[in-house]
**Q** 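Have a look at the structure that comes next, please.
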Amino acid sequence: MSTLASIQRLPRAAHTGRVTQWRVVRSEWTKLHSLRSTRWSLLAGVLLTIAFPVLFSHWGSMSAHERADRHPLDIALAGVNVSQLAIAVLGVLVITGEYSTGMIRASFTAVPKRLPVLWAKTAVFGVVSLLLMLPPVLIAFFASQAILSRHHLLQISFSHPGVARSVIGGAIYLLLVGVFALGIGAIVRNTAGGIATFAAIFFVIPPLLNILPTSWNDAISRYLPSEAGRQIFSLTHGAHSLAPLPGGLLFLGYCALTLAIAAVSLTRRDT
Amino acid sequence: MLEARSVHTGRSAYNHLLALARTHGIPRARVEELIDLVGLREVAKKRAGKFSLGMGQRLGIAAALLGDPSTVMLDEPVNGLDPEGIHWMRSLLKGLAAEGRTVFVSSHLMSEMSLTADHLIVIGRGKKIADTSTSEFLSAASGNVVRVRSPQAAELQRLLVAPGVDVEALEPGYVEVRGLTAVQIGDVAAANGFALHELTPQQASLEEAFMDLTREDIEFRAAELEPEEAMA
């Protein structure tokens, strides 16, 4: 046939292979760094973590009484409370962005078993957020302490018991927040719904518990994901809070639980 | 490729293909090859969300061909393509088949299918209605219709009419004969010394053949379509 003369031939692939977990991890890494939303969210997380402590430590005009109420470590890690929102939003987006655009169908066509995609997303996003948030919490600590010392305010040394754990704990907390949000995103499969669910669990339910009788509130609040997780980067612990290790492990348990629910729904539901 | 719009709108075509390639350990060079093959080189680094329907189709095809598959399944591949794109798609599909691959295409575009498909499977209401080669499908549906143009068309009509033969005058000097072959009609005309200006066996278009075949099938009667099906 004469029309066949103009046909482009499909070059033969030199190499085709099977799907492995490691290959899916590499694919997810490509996906993560090739989106603008990732870069902006992570940049926001880094900047917020550093900016707030640096800003707060400049308030040198506080009275001695006020100073006594403010712990230098709380100032150093104030940014973590803000940047957790950026990390959580990105955690939700990592998975819901695929549902909203239809990319998820391509992802699951390439990896029909589906679960390797969830594990790879969790691993890649977890490692990236830990590696990226560790320097900012350290910078935030040392920068804020340097500024506080200029104002002759109370400072705290990195070698003080519990300080190193709290500062590094700030980055670990952010990693777990991101993973928790990713799990919620995978369950809800909708960006707005995922972010709203995360905000409800972290920012709405805790103050609501304050209207419960105090004894109930004291008994329940410490087991909330946000309260348990917070202990990882808190130096001091109230009578009704968990210690850092049990708190951190409980938060890790919540992350595992959301991922488990996400895994079940991922394999059962249609895309 | 079942749906072209399975692409993250914020990611470039190149990174989209690379992410899919990585799941199977397919190297970058293969991604480059396919970007050239589907003609997306100039926009490979642009965000896929800005792509036209046709560019989206090309990206979907590239994704489907990454793994050098021996069977390719495409759903409405020419949807949204411009004439040049349709021609390209047609030659690509034929090329894939010529290389010994099996190419499945689902489509409602009958004229396009009659140009590309070697074999047809017609499905209506979830049941297989036909499974045959395109040429057989067409000849079975045409039913021996021959158009004849002749100054002596009226005389010819009188001679041809017989049991099982139906002659219909379309206009003065132009008739449509059912039930005889062109050879038989030509012989009759020659034996009687009639001049023939046209003697054309009519082949039904794939669309007509398809309509004939599915006429019995309630789903395809427009009057009885459910509103939502009529929309689709």
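Every value quoted in this text rests on a predicted model; they were computed, and no experiment measured them.
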**Q** Could you tell me which portion of A:Val19 (side chain, backbone, both or neither) has an atom closer than 4.5 angstrom to a non-hydrogen atom of chain B?
**A**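 Contact with chain B: backbone and side chain both.
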**Q** Between A:Ser27 (side chain only) and B:Ala19 (backbone N and O only), is there a donor and an acceptor less than 3.5 Å apart?
**A**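 It does hold such a pair.
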**Q** For A:Thr30 and B:Arg22, what are the C-alpha separation, side-chain angles and deciding distance, and is it a side chain to side chain donor-acceptor pair (under 3.5 Å)?
**A** CA-CA 8 Å; A:Thr30 301; B:Arg22 288 238 154 118; 2.6 Å; yes
**Q** Is it the case that more than 12 heavy atoms not belonging to A:Arg26 sit under 6.0 Å from its CZ atom?
**A**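 Not buried by this count: 12 neighbours or fewer within 6.0 Å.
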**Q** At a heavy-atom distance under 4.5 Å, which candidate from A:Pro116, A:Ala110, A:Ser37 has the highest pair count against chain B?
**A**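 Top count of heavy-atom pairs under 4.5 Å with chain B: A:Ala110.
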**Q** How many angstroms lie between OG in A:Ser107 and NE2 in B:His8, if you round to the nearest 0.5 Å?
**A**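 Between atom OG of A:Ser107 and atom NE2 of B:His8 there are 9.5 Å.
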**Q** Could you tell me whether the side chains of A:Arg23 and B:Thr23 share a donor-acceptor contact shorter than 3.5 Å?
**A**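 Result is no, nothing qualifies.
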**Q** Are any of the side-chain heavy atoms of A:Lys31 and B:His16 separated by less than 4.5 Å?
**A**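 A side-chain contact under 4.5 Å is absent here.
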**Q** Between A:Val117, A:Leu35, A:Thr109, which has the largest tally of heavy atom pairs under 4.5 Å with chain B?
**A**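 Option with the top pair count is A:Leu35.
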**Q** Assess whether atom CZ of B:Phe104 is packed by more than 12 heavy atoms of other residues, nucleotides or ligands within 6.0 Å.
**A**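 Open.
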**Q** Quick one: does A:Arg36's side chain have a donor or acceptor within less than 3.5 Å of a partner on B:Gly10's backbone?
**A**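 No; zero donor-acceptor contacts below 3.5 Å.
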**Q** With rounding to the nearest 0.5 Å, note down the distance linking OG1 in A:Thr101 to CZ in B:Arg11.
**A**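 Here the rounded value is 7.5 Å.
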**Q** Do A:Met103 and B:Leu20 come within less than 4.5 Å of each other through their side chains, counting heavy atoms only?
**A**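 Heavy-atom side-chain distance check passes, below 4.5 Å.
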